[in-house]
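Below is one structure; the comments refer to it alone.
Convention: sequence-line order gives letters A, B, ...; per-chain numbering from 1.
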Number of protein chains: 2
Amino acid sequence: MAATIKDIGRVAGVSTATVSRVINNLGGYNEETEKKVMAVAKALGYRKNESARSLVQKSTNTIGVIMPDVATTFYGDIINGLEDASYENGYSVILTHAGINGCRIHESLNLMGERRVDGIIIVSVELHEAEIEALMSLDIPFILLSTKTNREDTPYIKVDDFSAAYTAVNYLIENNHRVIGMAGANPDDPIAGTPRINGYIQALIDHEIKVDLNLIKAGDFSFESGKKAMQEFIKDQAPITAVFCASDETGLGIISICFENGISVPNDISLVGYDNSTVSYMSIPPLTTVAQPFYKMGSEGCLKLIGSIQNKTKIDSIVIPHELVIRQSVKKLS
Amino acid sequence: MAATIKDIGRVAGVSTATVSRVINNLGGYNEETEKKVMAVAKALGYRKNESARSLVQKSTNTIGVIMPDVATTFYGDIINGLEDASYENGYSVILTHAGINGCRIHESLNLMGERRVDGIIIVSVELHEAEIEALMSLDIPFILLSTKTNREDTPYIKVDDFSAAYTAVNYLIENNHRVIGMAGANPDDPIAGTPRINGYIQALIDHEIKVDLNLIKAGDFSFESGKKAMQEFIKDQAPITAVFCASDETGLGIISICFENGISVPNDISLVGYDNSTVSYMSIPPLTTVAQPFYKMGSEGCLKLIGSIQNKTKIDSIVIPHELVIRQSVKKLS
DNA sequence: TTGTATGCGTTATCAA
DNA sequence: TTGATAACGCATACAA
């Protein structure tokens, strides 16, 4: 039932070409016809049909976003950032989950292809070779956010997890901590797991502190991981004075167990978290943590992608700086 | 460069009509041609063009979601739920922010109209008359999630905030609390503010407890609101034994100030939160709180919408049950 | 400044 | 079982 430019043309007594020109204000018509066309368009409640426009222009003004199943709760600010940036540039965002462990990623990519999105953003999903091939074969500009691959030709924006972890542990060492545990990282996760563990280890090595593998408690970045890690530390009677946590939630888990056992943070044990998530400033004490600029990652990534779409340029990967947000969970040892 | 059904037809030596039939497996062709067509399609790397399909079918298999600027961080699970449900039913999700205070909502609605989405989901945005009109005039099925209007013809799914608040306060009363404060609700928010305040008041009245307006500390559901409220309670020397918090974050704010002042939760003061957000179980003590089934709201709402799209039926509003999640922030008084 | 005509990639109707 | 062909709503090259 919706009115088309044909309808407008008929009523206004002009051709569809003229209507199209006016609607898109391309100029080249006198004021009178413009007014008439606009008036009729309004009267008829005209709304342009993006599908038709996309078909002829071969561009959908749409950006496809693929994110892991937990992204909205966890990386929400990335979504916010990229949605804002795309909105401001006249792009719409179409969103799909990659499913648990990326099991839906092929379907997602396929969908993006059929929808002819102008660009693709992949958030925090680990891509294997087959998936990279599928992505590249779409021949659509793309960028990875908070993840990367081992190939050179897949542009990304992310924090350097290794050096962020290094910074965090280094800060603990600067505060004279010498027996430092690590908790919550998943050693099977090549994106967020091993680099953080390695950063932790490297910081110790660089300060000639012996690395004790018993002090590394693996996990899955969760609150529960933190609880479990701390319980083990206690059981082990580990002589730690500080723990580097692979996520803020893990840090909160540790705090929780400490509280139960009358261990004071930071007096008895110091903590550095990772993410600067909303929970980090609500804990007791507020958590010193590594900040990843999620919102900026989203907006910047989106902007880069749009630039690449419009200028057909290649996107350079960038390592976005992390920041140590100092709150009150680390005590300076004398 | 992408191959079209025409290309396939040419190469395979059949008409576009046949190609289309095979691609959509509509039947009515012999196995041989099917094989040939499929082979050529694969060889050419054919991907169907959704824009073209949408144009002729007058349906985009797309659901538009409009959410407030904080939705992804706060109502993330709603997004998860509706994305899952739409995916399973072959719909894509297109996402936009309504902007701060819904300032972008008209543009968002316009966008949904131009994109010819098959249905619209509006999450937690307060709609005024003009916006309702704009929404209705699109003539696209829609549903509101975690919000409602004062009109009958705008279907929604939400928790009954009044009765949820009532439940929370009632629980405190059952535990023999008699001087109960309230914190964090915005009295200007007709969706999440006043109903919770009114539920609080009603629960008191029903138990013949005097309502003291000084015990109601307004706010904006934030952590800061909680801190401020508690600071005021302390300054007022309010004889409260419990506080009903309009959000979990507000509850955490209160805990934080209590801790600073050596006030024990729940020994000195009991707390009930609202939302059952991830922070609620990470606090010390874990927060007793009112749970809103966000994921289910998203999936259920999406399902209802899809049903309405496909069967052209009207959607019934439903009040989804809330639940009191009992943890450890309430002490039973003797 | 305006109009005519064509094509974008599909689906769908009709006829063969 | 297949093919020709007309839409779908729009943008645009070309002509007037």
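Salt-bridge formation is not detected for the pair A:E34/A:R21: no Lys NZ or Arg NE/NH1/NH2 atom is positioned less than 4.0 Å from an Asp or Glu carboxylate oxygen. Taking 4.0 Å as the cut-off between side-chain N and carboxylate O, B:K148 and B:E126 do not count as a salt-bridged pair. Ion pair B:D84/A:R104 flagged as a salt bridge, since at least one NZ, NE, NH1 or NH2 atom sits closer than 4.0 Å to an Asp/Glu carboxylate oxygen. A salt bridge links B:R151 with B:E133: the closest approach of a Lys/Arg side-chain nitrogen to an acidic carboxylate oxygen falls below 4.0 angstrom.
Side-chain N/O atoms of A:K58 include none lying less than 4.0 angstrom from OP1 or OP2 on C:dG7. The side chain of B:T18 contributes an N or O atom lying less than 4.0 Å from OP1 or OP2 of D:dG3.
Residues of residues 28-37 of chain B having a heavy atom closer than 4.0 Å to DNA chain D, listed by number: B:G28, B:Y29, B:N30, B:T33.
Between the P atom of D:dA6 and the CG atom of B:L55 lies a distance of 17 Å, rounded to the nearest Å. At whole-Å resolution of the value, CD1 in B:I8 and P in D:dG3 are 14 Å apart. Across the protein-nucleic acid pair, A:D7 atom CG and D:dC10 atom C1' stand 13 Å apart, rounded to whole Å.
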Kindly determine whether B:D69 and B:N101 satisfy side chain to side chain contact (heavy atoms under 4.5 Å, CB included), including the steps that lead there. CA-CA 8 Å; B:D69 57 328; B:N101 291 326; over 6 Å; no

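A donor-acceptor pair under 3.5 Å is absent between the side-chain atoms of B:N25 and the main chain of B:G27, judged by distance alone. A donor-acceptor pair under 3.5 Å is absent between the side-chain atoms of A:T147 and the main chain of A:L145, judged by distance alone. In this structure, B:D118 contributes its side chain and B:T60 its backbone to a donor-acceptor pair below 3.5 Å.
The overall bend of the helix from C:dT1-D:dA16 to C:dA16-D:dT1, read as the angle between its terminal helix axes built from five base pairs each, is 40° when rounded to 10 degrees.
Heavy-atom neighbours of B:E31 CD from other residues, nucleotides or ligands within 6.0 Å: at or below the threshold of 12.
Within the 4.0 angstrom heavy-atom criterion, only backbone atoms of the sugar-phosphate kind lie near B:G13; the bases stay farther away.
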Let me have a per-nucleotide readout for nucleotides 10-15 of chain C, 5' to 3', with B, S or -, counting only protein heavy atoms under 4.0 Å. BBB---

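If you check the side chains of B:S92 and A:R115, you find a donor sitting under 3.5 Å from an acceptor. Side chains of B:T18 and B:S15: a donor-acceptor N/O pair is present below 3.5 angstrom, by distance only.
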